2 protein chains.
Amino acid sequence: MGAPKYQKIKQDLMEEIKDASVNTPIASERELAGRYNASRMTVRNAINELVEEGVLYRDKNKGTFVADQRLMKKNTSAETLNKPMDDTYDYNVIYFSSCFCDEKIAACLEIESEDWMIRIVRLNRKNGKPVSVEEIYLIQSLINDNDYNNLNKLLDLKGYIDEGSVTQKFLPIIVPVKYINLLHVKLNTPIIMVESTIVSKSGSPVVYIREFNNPTEKIIEITT
Amino acid sequence: MGAPKYQKIKQDLMEEIKDASVNTPIASERELAGRYNASRMTVRNAINELVEEGVLYRDKNKGTFVADQRLMKKNTSAETLNKPMDDTYDYNVIYFSSCFCDEKIAACLEIESEDWMIRIVRLNRKNGKPVSVEEIYLIQSLINDNDYNNLNKLLDLKGYIDEGSVTQKFLPIIVPVKYINLLHVKLNTPIIMVESTIVSKSGSPVVYIREFNNPTEKIIEITT
DNA sequence: AAGTGGTCTAGACCACACT
DNA sequence: GTGTGGTCTAGACCACTTA
């Protein structure tokens with residue numbers, strides 16, 4: 001069968017409110033149930049997800065309203081993990097290799113240092129300006145051969161997140177000299193390095209990312 | 001009436017799993033429904049909240065399991081906004097005043113610079129070690145007179161969050177000289193300043209916080 | 001009084017895992 | 001075949017707000 005009914009309702013609602021201004025009420029749950037020939041619980045399921053995502057908010061005894069889109073939930077900072085890139089974003093892969101883990105990376109991925117990993121370094125740009133350098137570490141044994149030859153597939157890590165969770169550490173450092181030219185920042189500039197670990201539902205690490213952020217081009221912002 | 005039935009179920013489940021190890025299955029939804037003489041939808045409501053909070057995870061066709069507590073969702077970095085402090089935490093209020101807004105703060109709180117605000121500066125400690133300095137800005141007109149004289153109440157901002165959302169910006173800076181001694185860090189240390197704005201459901205700012213974090217005593221970490 | 005979201009019931013069918 | 005979570009129905013009562 002096709003997608004569940006509540007997903008269809010959710011999509012329709014998102015389409016309906018995409019140009020609506022903040023605090024506009026949406027139709028009541030009972031009315032939507034009638035319109036979609038669905039039960040109220042099904043409509044609530046659709047609305048619940050949109051509330052959870054910060055697209056709508058409820059006000060008891062009053063109704064359900066369009067939330068401030070500026071306050072849309074943003075839970076991660078990493079370019080790699082964000083929504084589909086729009087055309088103001090692009091990137092260059094600077095380095096790609098398959099090699100043994102060094103100890104630090106092995107510890108983060110909970111593998112042995114004699115295990116193979118894939119290391120990708122890329123420079124992310126927005127409007128042509130360098131926003132961050134990402135060092136992405138994957139466990140080689142988890143990658144099948146088809147994906148190995150498809151860089152875009154390798155770098156599309158969003159799929160992993162739906163099935164797991166992300167932990168990010170924010171570390172203040174002085175920009176590493178090797179990235180000064182790439183990021184186009186001055187010597188001794190304080191920057192934030194974000195260490196992200198994606199773990200599967202069962203708790204085993206899948207991907208480890210170090211992201212060196214250019215503070216003049218990117219402000220890390222999170223909304224909950 | 002008392003609390004809703006699903007909240008009671010949620011509390012019981014939390015109690016039950018608090019010492020359980022990771023990946024332990026909980027009772028099935030149908031069994032819990034029987035045990036609590038509730039419908040399955042009511043049990044699902046309870047479980048949904050725990051899944052949303054990262055306490056449990058579901059595996060389709062298999063069951064519902066205890067999640068890795070290390071991966072419990074942590075959505076904010078600020079001391080002020082975190083769970084009830086345990087006894088390893090304490091703080092000193094260093095500064096408390098009621099004054100006109102300067103322009104920068106007024107802009108963040110979306111009020112006029114001739115409006116009054118309350119400014120609180122405090123030093124947070126864990127195990128006696130300084131973890132952060134927080135500058136907390138409240139809109140005076142939103143505070144009633146009773147609360148004004150109750151510093152603990154003023155600093156208990158968690159209530160606001162349930163009704164609104166938090167946006168945090170992470171800014172890399174060199175530690176301000178005035179906080180070097182308080183934080184016990186060296187001159188020119190790179191640190192992260194977290195700017196938090198709490199806004200109500202309707203989108204108007206309520207509290208603005210600047211937090212200067214000691215990188216040697218506190219690693220900012222977020223799990224989603 | 002009418003309408004809203006919050007909670008709740010007692011069923012149902014499905015696809016999928018395991019045995 | 002049995003059990004699981006995922007989805008869905010067609011009602012219901014409550015507390016509350018608004019007119």
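Just so it is clear, the model here is predicted, and its values are computed rather than measured. Within every chain, numbering begins at 1; the chains are lettered A, B, ... in the order of the sequence lines, protein sequences first and strands thereafter.
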Exercise. Any idea how Phe100(B) and Trp116(B) line up, ring-wise: parallel (<30°), tilted (30 to 60°), or perpendicular (>60°)?
Worked result: tilted
Check whether any side-chain N or O of [X] sits under 4.0 Å from OP1 or OP2 of [N], and answer yes or no.
X        : N       : answer
Ser28(B) : dT4(D)  : yes
Arg40(A) : dA10(D) : no
Lys5(B)  : dT9(C)  : yes
Thr64(B) : dT4(D)  : no

Figure out the [atom1]/[atom2] separation between [X] and [N], and round it to whole Å.
X        : N       : atom1 : atom2 : value
Tyr6(B)  : dC14(D) : OH    : P     : 18 Å
Asn45(A) : dC8(C)  : CG    : P     : 17 Å
Glu29(B) : dT7(D)  : CD    : C1'   : 11 Å
Met41(B) : dA12(D) : CE    : C1'   : 14 Å
Ile47(A) : dG6(C)  : CD1   : C1'   : 13 Å

Does a side chain donor of either [X] or [Y] reach within less than 3.5 Å of an acceptor in the other side chain?
X         : Y         : value
Thr88(B)  : Lys126(B) : yes
Thr167(B) : Glu221(A) : no
Glu134(A) : Asn124(A) : yes
Tyr57(B)  : Asp68(B)  : no

Out of [options], which nucleotide sits closest to the side chain of [X]?
X        : options                  : result
Ser39(A) : dT9(C), dA10(D), dG6(D)  : dA10(D)
Lys62(B) : dT7(C), dC18(C), dC16(D) : dC18(C)
Pro4(A)  : dG3(D), dG6(C), dT7(D)   : dT7(D)
Thr42(A) : dC8(D), dG5(C), dA15(C)  : dC8(D)
Asn61(A) : dG6(D), dA17(C), dT17(D) : dT17(D)

Exercise. Has the side chain of Arg44(B) got a donor or acceptor that lies under 3.5 Å from a partner of the other kind on the base of dG5(D)?
Worked result: no
Exercise. Going by modelled atom types, is there a donor-acceptor pair between the base of dG3(C) and the side chain of Arg30(A) at under 3.5 Å?
Worked result: no
Problem set entry | side-chain hydrogen bond (donor to acceptor under 3.5 Å, both in side chains) evaluation trace for Tyr137(B) with Asp102(B) | CA-CA 11 Å; Tyr137(B) 299 91; Asp102(B) 71 37; 5.9 Å; no
For this session: Please work out the stems of DNA chain D from pairs that are Watson-Crick or G-U wobble with both distances under 3.5 Å, keeping only runs of three or more consecutive pairs.
Result: C:1-16 with D:3-18
For this session: Would you kindly check if the NZ (Lys) or CZ (Arg) of Arg122(B) is within the cone defined by 45 degrees around the ring axis of Tyr91(B) and under 6.0 Å from the six-membered ring centre?
Result: yes
Exercise. For Asn48(B), which contact category applies under a 4.0 Å heavy-atom criterion: base, sugar-phosphate, or nothing?
Worked result: nothing
